[in-house]
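We name chains A, B, ... by the order of the sequence lines, and we start the count at 1 in each one.
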2 protein chains.
Amino acid sequence: MRVFWEKGFEGATLDDLTAAMGIERPSLYAAFGSKQDLFARAVEHYLEGPSAYFEEALSEPTSRRVADALLCGAADLHTDPTTPSGCLTVHGAFLRGASPDGPGARLAAVRDGAEAAIGERLRRAVEEGDLPSDADPSALAAYLRSVTYGMAVKATGGATREELQGVIDLTLSAWPTA
Amino acid sequence: MRVFWEKGFEGATLDDLTAAMGIERPSLYAAFGSKQDLFARAVEHYLEGPSAYFEEALSEPTSRRVADALLCGAADLHTDPTTPSGCLTVHGAFLRGASPDGPGARLAAVRDGAEAAIGERLRRAVEEGDLPSDADPSALAAYLRSVTYGMAVKATGGATREELQGVIDLTLSAWPTA
DNA sequence: GCAGTACAGTACTCATCGGTACGATATCCG
DNA sequence: CGGATATCGTACCGATGAGTACTGTACTGC
C-alpha cells in the first residue's frame, strides 16, 4: 500500500512492490492476480486504515465539528511522517489511462462517493437546524473537498502540518452558523 | 503544450507529441534537444499564455479583488472547454522522479514562486491597510493556493465551472476585511 | 545542369515495464 | 524412506518508451 501511496499506480513498479512486500513476482501474481487487483486491495486498506478518520468525522455531532475533523484528519494524514506524504486517491487522479474500469475510474468513484457522503451529512445538518436553511450542502461539501485536495497537493510538495493548520483555520472561518 | 497539459509529462509519449506538432521525432530533437527541454518550453508558454491571468490578478487594487481574480481565473482556465481540464503545474506535482533538476522540481519551483508572489502582494495589502494588521499574508496565500489546487483536482475529475464558483464563493466568504 | 548540403522520414537500439514459464527446493503423506 | 506436490526464485517474453543512425530527397550555389 505504501508504495502505491508514495509513487502512485503507474509510478510503482513491480520491483518496488515485490521489494516492499518481501515476496517475488510469481507469488504476488498468485496471491493478487494482477497489478490492478493489488492496487484495488491497497485502496481498500487505505480507506479502512489511514483514511478511516473520514467515517468517524462524519459522526461528529455538529457540521462544524464534522468539517474540522475532516480537515484535520486529512492534514494529519497527509503530513504524517510515518507514512508517505499526500493522498493516495488524489495521487491517482492523474492517471494516463481513462478506461472506465481502470484504477483511475475506481479512485474517481471513491472521491465522488466521499463528497456525496459529506453532502448527505451536511444535508442532515440543515434539517437538524445545525446549518442555516439557506446553506448549500453540496457546495459546502465541494468546498471541503477542494481544500482537502489542495492540502494533499501541498503536502506532496512538502508543506508542514502547521502550514496546513493555517489553511484549515481560514477554511473554517467561512463556515456558516445557524 | 496541450499534450503535456492533458497527459502530464510522463503520460505524453513522443508519438503523442510529434503527432500534435505535425513533425517527426528527429525534427523535434533537433529543435528542442530532449523531451525535458520541450516540456520546459511548454511550461513557459503555459505561464505566459493560459496562466497569464495570474500576474494580472496580482495587479488588482484590493486584496479581495486579487483573491477573486486568482480564483476565478483558475476556475475559468481549468474548466475551459477549448483547453484540457485541470492545471499543468498541478498535474506535474505527481511525478515519479524526484531529481532536483527534473521537470517535477521545476514545477515545484513554479508553484512555490506563485504562492510567494501572492504572499508578497498580500503583505503589501496589510501595509496599505487593505487587510487587517493581524491578517497573516502567508497563511492567506497558502489558503488561496490550496483552494486553487483543489479546484484543479476537481476540474480534472470533471467538475463544472458552476461547481467551482460555489467553492470560490465560500472561499471568499472567509476573506478578512480591514 | 551538377555537386554539395540540409532536412524529412523510416527504421533501428537500448532500457524498462508488466506478466509468465520453468527449474530448483522444500514439504507433506503413505 | 520415497514420491507426489506445493512453493519459491531465476530467467525469460512481448510490448512500449525515449532517443538516434541512416537513407532518400529536395533545395541551394555555382
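The aromatic rings of B:F94 and A:H91 lie tilted to each other, with the angle between the two planes from 30° to 60°.
Between the side chain of A:S133 and the backbone N or O of A:G129, no donor-acceptor pair lies under 3.5 Å. B:Y143 contributes no side-chain N or O that, together with a main-chain N or O of B:W175, makes up a donor-acceptor pair within less than 3.5 Å. Not one N or O on the side chain of B:E60 forms a donor-acceptor pair closer than 3.5 Å with the backbone of B:A57. A donor-acceptor contact shorter than 3.5 Å is absent between the side chain of A:D68 and the backbone of A:R65.
At least one side-chain heavy atom of A:Y53 sits less than 4.5 Å from a side-chain heavy atom of A:L77.
A distance of 8.0 Å separates CG of A:L70 from CZ of A:R145, quoted to the nearest 0.5 Å.
The interatomic distance linking B:Q36 (CD) with D:dG19 (C1') rounds to 13 Å, in whole Å.
Contact footprint of chain A on DNA chain C: nucleotides with an atom under 4.0 Å from a non-hydrogen protein atom, first to last in 5' to 3' order, C:dC17 to C:dA21.
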Atom pairs under 3.5 Å: protein N/O with N/O of nucleotides 16-18 of chain D:
from	atom 1	to	atom 2	distance (Å)
D:dA18	OP1	B:A12	O	3.3
D:dA18	OP1	B:K35	NZ	2.7
D:dA18	OP2	B:L14	N	2.9
D:dA18	N7	B:R25	NH1	3.4

Report all interatomic pairs (protein N or O, nucleotide N or O of nucleotides 6-9 of chain D) with separations under 3.5 Å.
none

Query raised in the report: For A:E120 and A:R123, what are the C-alpha separation, side-chain angles and deciding distance, and is it a salt bridge (charged side-chain N to carboxylate O under 4.0 Å, His left out)?
Result: CA-CA 5 Å; A:E120 271 309 308; A:R123 208 156 286 124; 2.7 Å; yes

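When the side chains of ILVMFWY residues are joined at heavy-atom separations under 4.5 Å, either directly or via intervening members, A:V167 and B:V66 end up in a single hydrophobic cluster. A:F54 and A:V90 fall into different hydrophobic clusters, defined by Ile, Leu, Val, Met, Phe, Trp and Tyr side-chain heavy atoms under 4.5 Å apart, directly or through other members.
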